[in-house]
Amino acid sequence: MKHHRLLARCAIAATTLFAALSTAWAADKPNVVILATGGTIAGAGADASKSATYQAAKVPVDKLIAGLPTLSAVAQVRGEQVFQIASESFTNEHLLTLGKRVAQLLKQSDVDGVVVTHGTDTLEETAYFLNLVIHSDKPVVVVGSMRPGTAMSADGMLNLFNAVNVAASQDAHGKGVLVTMNDEINSGRDVSKMINIKTEAFKSPWGPLGMVVEGKNYWFRLPAKRHTINSEFDIEKIETLPAVDIAYGHGNVSDTAYRAFAGQGAKAIIHTGTGNGSVSNRVVPALRELRSQGVQIIRSSHVNAGGFVLRNAEQPDDQYDWVVAHDLNPQKARILAAVALTKTQDSKELQRIFWEY
Ligand code: DAS
């Protein structure tokens, strides 16, 4: 009998020791929160052959985490389902709600990094928005996938594993909001979806910042523009974002869209120009008239490998009091214009902001 009692005592001691160790290990692991918003990374198709035909925003965040048992070796991970939508349906209100939750979490001492799972359609807009307004140097990593988890060669699991790795990494601090897709680490400012049918969909015109390989980050560049803690914009001081619309320039274009947007109250119009942000002579008079009525006119380009709009090159911006979007694509120019207009209506200040962010 004595023998059994001894064995029982040893078993209890071993269990207690393991429990203590596992808590200690967990305490050693960085704490990463995954904020889930929907998209393909939470998508589901009818069968494994469906890599492009599926329903986005179906799988809840806890199932995404459970599908990645290796995460526990990287970090203590917990999830919150902020939204469950396809990202083409994001609104300014979604951006503000998400941004405020990210900021709130990063202020907590028991949160070391945040991952945002997101649809790929507007992922670049959300990543840039957070890059502008989150005042923390802790890693924020936005991640999506081009194929649903139900498809052969689905990319979501590795993208999410990489995102948690980066969010848990000391060396990811102070690099602004990051995007991990297809083994690359891109700046949330630069990256955009360049093609909609490949897993290598996301590219930065000026190249990625680094790569993640087998859970290790390899860095090659650092962001050059202002972001996060060096930004003059703060999500905690933004309650609404002004209406900024995007009008597309092309051959045979008319000024109808520009006038309609202004008529609906747009505070700024992003002109998506051909080439160097060029404006058709059929549209210039309307833009000059709208500018005189107080609407900001911002010239961007639809050159998709990365436009680079130069002031006073294709149009006399000084004379017309217009702004150029520098290398920002139209959808990112909309984000920056909306954030900037929460602080200034001055076109010269807007231009400074477009050079610096
Ligand atoms: N509809 C797309 C979206 O939610 C699906 C995706 O690619 O994530 O952005």
Side-chain angles (χ1 to χ4, degrees), residues 34-65 67-68 79-99 101-102 114-131 140-164 166-167 177-204 208 246 304 329-332 334-335 338:
I34 298 179
L35 296 179
T37 72
T40 293
I41 196 166
D47 64 58
S49 68
K50 298 285 183 256
S51 61
T53 311
Y54 55 85
Q55 284 204 300
K58 289 293 168 209
V59 179
V61 64
D62 292 340
K63 259 188 100 180
L64 293 179
I65 296 170
L68 263 176
E80 292 181 14
Q81 193 76 47
V82 186
F83 317 120
Q84 185 67 294
I85 60 173
S87 74
E88 62 269 25
S89 302
F90 254 64
T91 64
N92 287 346
E93 289 64 39
H94 287 112
L95 288 177
L96 290 166
T97 302
L98 178 64
R101 186 58 185 144
V102 170
V114 168
V115 168
V116 176
T117 60
H118 195 290
T120 59
D121 287 6
T122 62
L123 188 150
E124 66 201 78
E125 298 178 39
T126 301
Y128 188 36
F129 174 73
L130 296 174
N131 200 54
V140 175
V141 186
V142 188
V143 65
S145 73
M146 298 306 293
R147 296 172 179 158
T150 48
M152 285 179 277
S153 297
D155 55 329
M157 282 178 78
L158 183 54
N159 286 352
L160 181 55
F161 177 72
N162 287 344
V164 172
V166 173
V177 171
L178 301 168
V179 174
T180 56
M181 297 285 286
N182 195 42
D183 304 333
E184 289 187 342
I185 307 171
N186 278 283
S187 160
R189 176 198 185 270
D190 297 344
V191 78
S192 82
K193 186 174 178 181
M194 294 288 195
I195 185 163
N196 66 308
I197 201 70
K198 291 183 176 179
T199 49
E200 56 165 330
F202 281 75
K203 296 283 176 204
S204 293
I246 302 175
N304 69 0
N329 66 29
Q331 51 271 31
K332 286 179 185 269
R334 179 189 77 86
I335 295 291

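Computed over heavy atoms, backbone and side chain alike; hydrogens, waters and symmetry mates excluded. Here, residue 1 is the first one in the sequence, and each next residue gets the next number. First listed ligand is number 1; within each ligand, the first listed atom is number 1. Everything quoted here is computed from the prediction, not taken from an experiment.
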Legend entry - Minimum heavy-atom distance N182-E200, with the two atoms named: ND2-CB, 3.3 Å
Legend entry - Exercise: identify the closest heavy-atom pair between T120 and M181: CG2-CE, 4.0 Å
Inset, instruction - State the CD1-CZ distance between I41 and R147, to the nearest 0.5 angstrom. - result: 14.0 Å
Legend entry - T40 N/O under 3.5 Å from ligand 1 N/O: yes
Legend entry - Under 3.5 Å: N/O of H118 near N/O of ligand 1: no
Legend entry - NZ/K193: more than 12 non-hydrogen atoms of other groups inside 6.0 Å: yes
Inset, instruction - Starting from atom 7 (O) of ligand 1, find the nearest protein heavy-atom neighbour and note its residue, name and distance. - result: T120 OG1, 2.4 Å
Legend entry - atom 4 (O) of ligand 1 - nearest protein heavy atom and its distance: S87 N, 2.8 Å
Numbering the atoms of ligand 1 from 1, which are under 4.0 Å from a heavy atom of [X]?
X	answer
A86	1 (N), 4 (O)
E88	1 (N), 2 (C), 3 (C), 4 (O), 9 (O)
G39	4 (O), 8 (O)

Legend entry - side chain to side chain contact (heavy atoms under 4.5 Å, CB included) partner of T199, chosen from D183, N159, L158, D155: D155
Inset, instruction - Answer yes if the side chains of N186 and S204 hold a donor-acceptor pair under 3.5 Å, and no otherwise. - result: yes
